[in-house]
Peer 1: 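Following this message is one structure expressed as structure tokens.
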Amino acid sequence: MKTCFPFALGLLAATATAFASPVLTVRVDQPGARINPAMWGAFFEDINFGADGGLYAEMVKNRGFEFPEPLMGWIMIHPALAKGEVTMRTDTPFDSANPHYVRIASEGTGPLGVSNEGFRGMGVRQGEAYDFSARVRAGSGACHLSVALYGGDGVLLDSVELSGFPATWTKVTATLHPSATDPKARLSVLSLGKGVLDLDFVSLFPEATWKHRPGGLRADMVQALADLHPGFLRFPGGCIVEGSVLARRYQWKRTLGPVEERRILINRWNQEFIHRPTPDYFQSFGLGFFEYFQLCEDIGAQPLPILNCGMACQFNSGELCPLDQLEPYIQDALDLVEFANGAPTTPWGARRAAMGHPAPFNMQLLGVGNEQWGPQYFERYSRFAAALKKKHPEIFLVSAAGPDPNPADPRFKLAWETLRGLHADLVDEHAYGRPDWFFSNVHRYDAYDRAGPKVFMGEYAAQSVAVVSPVNRSTLECALSEAAFMTGLERNAEVVRMASYAPLYANVDAWQWTPDLIWADSLRVLRTPSYYVQSLFARNRGDRVLPIDFDPAGTHLYASSVTDDASGAVTLKIVNADPAPASVVLRLEGVRGVTSMVVDTLGSEDLAATNTFDHPDEVVPRETRVTVGGSPTMQISLEGNSLTVLRLGVDR
Ligand code: AHR
């Protein structure tokens with residue numbers, strides 16, 4: 001049973017030494033390092049059906065019939081009475097980037113065609129509208145099409161009929177209004193009447209996308225991201241940037257322009273884990289670089305694109321682009337800066353303007369490589385850095401420290417030694433480990449060199465069982481260990497400039513990697529305990545670090561403090577990782593008194609507690625407004641197994 005403890009506060013007139021509780025002194029009058037406004041961000045990768053089947057709201061899987069098995073995701077609808085055939089063809093397609101199409105040759109004795117399952121089912125809502133489109137070409141006869149949505153139980157939810165098709169490829173559209181809400185609907189496109197009809201690029205989007213953009217993003221998933229208040233968005237990966245081989249690397253220029261001209265690519269996570277095979281995982285690039293930049297702008301996050309540096313994933317082939325052939329990769333990076341920031345009079349700025357965004361996207365950050373390591377990386381990174389710094393000294397470059405954050409790891413050591421020598425801007429460390437790792441690394445950055453490159457903790461997440469274990473869960477214990485670790489990042493904001501949890505999204509029916517920050521099914525979004533930790537830190541970022549003196553000996557208490565320039569408010573984040581409530585004497589030095597207090601508490605008696613679609617609010621922050629007595633010293637009580645965020649108005 002869950003018990004909620006009211007936030008307890010005792011005001012002290014006496015000195016703190018009169019109490020057995022540990023004393024937490026905040027030196028409000030000695031503000032330290034400035035905190036990067038983009039300190040707490042998000043990392044998006046197309047993993048776990050995060051883009052196709054996730055954020056990208058397209059509901060038809062394999063809409064262009066371009067998967068290696070062209071009918072993957074589709075079934076033929078060929079009732080016994082329906083005479084004719086459905087064939088796959090590639091001659092005279094509507095677009096050479098999409099060579100495959102379906103030909104339905106019907107004798108008119110019954111409906112004949114294809115039906116799509118969506119990304120493990122299409123989620124449709126009663127009362128909402130869905131935009132259907134397809135490319136159609138009439139061969140002979142007078143065919144017309146039935147476009148229909150069926151529920152998971154086979155009940156017809158809505159249908160429309162389309163007719164009068166020309167003999168050349170044309171785009172047809174229709175709107176469907178399902179009569180019921182269904183998480184596992186299907187879309188059928190059937191030819192009625194006698195004749196031959198060609199069909200391609202079959203698409204279905206909810207009208208209610210994010211900002212109602214046609215062909216846009218899932219509104220509820222973007223909203224969950226926006227609610228995190230991320231200071232930056234790192235995209236599009238992750239290992240998909242690298243590709244298993246270089247031919248399958250992510251190439252941003254191929255993600256621009258009309259969606260039907262964006263050639264699909266097998267997703268690197270399709271075949272990565274034999275215990276979680278996802279043979280139907282491909283990148284449509286409907287969510288391409290323009291859309292990523294637009295998303296960043298929408299949610300007020302700085303864009304941080306990551307580019308392939310001439311190396312395929314070192315967990316896969318590790319294929320290298322020879323150094324003397326690296327120039328196109330570097331040119332892609334230079335062109336990306338121009339695409340994001342260049343005037344509309346420049347070639348790539350003009351391309352952006354033609355897509356409807358003449359204003360620059362103000363990109364300031366760029367990643368060279370993902371999770372690379374070894375001398376081959378530094379040879380390539382240094383060439384990128386030389387070219388980028390020469391032409392765009394205003395761009396901060398993110399470089400890689402490899403997959404293991406432990407100081408004894410030779411790849412990590414070499415990375416730091418080399419990148420320090422190269423005067424790198426930001427070094428991207430990745431940390432996946434059991435909660436213990438995060439608790440024991442709370443002081444990791446206390447001794448980092450302040451004069452060297454800054455740290456970007458670009459991927460981290462506590463793993464309840466083991467890294468890439470399919471039974472990892474996003475428990476409160478994981479979330480608290482991340483929160484404790486984040487107090488260490490915050491205390492060291494002088495050297496740790498940015499941090500992001502990973503991965504961001506997962507489709508409950510099609511994931512490869514767990515834990516993840518946000519889960520989605522075809523209709524709903526689920527925020528995990530780790531999500532609420534991230535949002536509590538981001539919403540209470542502060543402008544400057546406040547030094548604290550805290551010796552929590554014998555307890556598992558972790559703390560950090562910040563202050564806001566504008567309001568002068570003091571914020572404390574305190575993790576109590578012990579099951580029992582804890583009492584702390586809080587002393588604010590350099591203020592006359594505390595005038596107000598708002599407390600957010602995230603916790604539960606059960607460390608294994610998590611949120612599920614059936615019980616999404618098991619672990620959510622609870623806000624309390626506390627009446628304060630004015631004293632700058634007080635005794636506070638912290639729930640067991642909790643993160644507490646205190647926002648204090650102070651009288652200086
Ligand atoms: O976040 C999942 C993966 O973990 C990323 O793609 C990669 O960078 C890391 O190994």
Side-chain angles (χ1 to χ4, degrees), residues 41-52 54-55 225 230 232-245 248-250 265-273 275-276 278 281 283 292 304-309 311-318 367-374 377 381 398-406 409 411-412 415 426-434 437-438 455-470 472 474 478 482 498-507 510-519 528 530-531 534:
F43 163 47
F44 177 86
E45 175 168 20
D46 191 0
I47 184 174
N48 302 316
F49 280 45
D52 291 289
L55 195 57
L225 175 61
F232 66 89
L233 185 68
R234 177 178 184 246
F235 64 86
C239 294
I240 64 157
V241 168
E242 305 165 39
S244 51
V245 292
R248 292 180 179 175
R249 71 189 187 277
Y250 194 104
L265 181 68
I266 187 169
N267 190 301
R268 184 259 184 198
W269 297 102
N270 178 313
Q271 351 174 277
E272 186 62 15
F273 295 131
H275 59 280
R276 295 289 303 173
T278 37
Y281 200 3
Q283 294 175 266
Y292 280 118
L304 167 46
I306 306 296
L307 295 182
N308 187 294
C309 64
M311 299 175 80
C313 183
Q314 290 164 279
F315 291 113
N316 300 145
S317 69
V368 178
N370 169 43
E371 200 175 65
Q372 301 346 123
W373 66 82
Y377 172 60
Y381 169 79
V398 173
S399 49
D404 187 338
N406 292 306
D409 180 80
R411 296 166 296 188
F412 185 82
L426 281 157
V427 177
D428 181 7
E429 299 188 353
H430 293 179
Y432 297 98
R434 300 243 323 133
W437 187 91
F438 288 90
V455 174
F456 170 36
M457 177 41 78
E459 294 183 23
Y460 65 97
Q463 317 281 301
S464 64
V465 177
V467 182
V468 308
S469 166
N472 280 333
S474 193
C478 291
E482 290 150 7
M498 296 158 61
S500 44
Y501 181 100
L504 183 61
Y505 291 116
N507 177 320
W511 56 272
Q512 295 81 47
W513 181 296
T514 178
D516 302 286
L517 204 61
I518 300 168
W519 290 80
T528 58
S530 294
Y531 173 96
Q534 293 293 319

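Position 1 is the first residue of the sequence, and the numbers go up from there. Order of listing sets the numbers, starting from 1, for every ligand and every atom in it.
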Peer 1: Is the Y281-F49 ring centre distance short of 6.0 angstrom?
Peer 2: yes
Peer 1: Provide, line by line, the atom pairs where ligand 1 and the protein bring an N/O atom each to a distance under 3.5 Å; else say none.
Peer 2:
from	atom 1	to	atom 2	distance (Å)
ligand 1	1 (O)	Y432	OH	2.8
ligand 1	1 (O)	E459	OE1	3.4
ligand 1	4 (O)	Y432	OH	3.4
ligand 1	4 (O)	E459	OE1	3.2
ligand 1	6 (O)	E45	OE1	2.5
ligand 1	6 (O)	E45	OE2	3.3
ligand 1	6 (O)	C239	N	2.8
ligand 1	8 (O)	N370	OD1	3.4
ligand 1	8 (O)	N370	ND2	2.9
ligand 1	8 (O)	E459	OE1	3.1
ligand 1	8 (O)	E459	OE2	2.7
ligand 1	10 (O)	E371	OE1	2.8
ligand 1	10 (O)	E371	OE2	3.1

Peer 1: Can you list everything that forms a side-chain hydrogen bond (donor to acceptor under 3.5 Å, both in side chains) with N406? Sequence neighbours excluded, please.
Peer 2: D404, W437
Peer 1: With no hydrogens and no angle check, just 3.5 Å: does a side-chain donor-acceptor pair link Y432 and E459?
Peer 2: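 Their side chains do contain a donor-acceptor pair, which is all the 3.5 Å distance test asks for.
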Peer 1: Can you sort out the partners of V398 under side-chain contact (heavy atoms from CB on, under 4.5 Å), two or more places apart, ordered by chain and number?
Peer 2: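 So V398 forms a side-chain contact (heavy atoms from CB on, under 4.5 Å) with L304, L426, D428, F456.
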Peer 1: For N316, enumerate each residue passing the side-chain contact (heavy atoms from CB on, under 4.5 Å) test, keeping only those at least two apart in sequence or located in another chain.
Peer 2: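 For N316 the side-chain contact (heavy atoms from CB on, under 4.5 Å) partners, ignoring immediate neighbours, are S244, R268, E272, C313.
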Peer 1: For residues N472 and Q463, is any side-chain donor paired with an opposing acceptor at under 3.5 Å?
Peer 2: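 Their side chains do contain a donor-acceptor pair, which is all the 3.5 Å distance test asks for.
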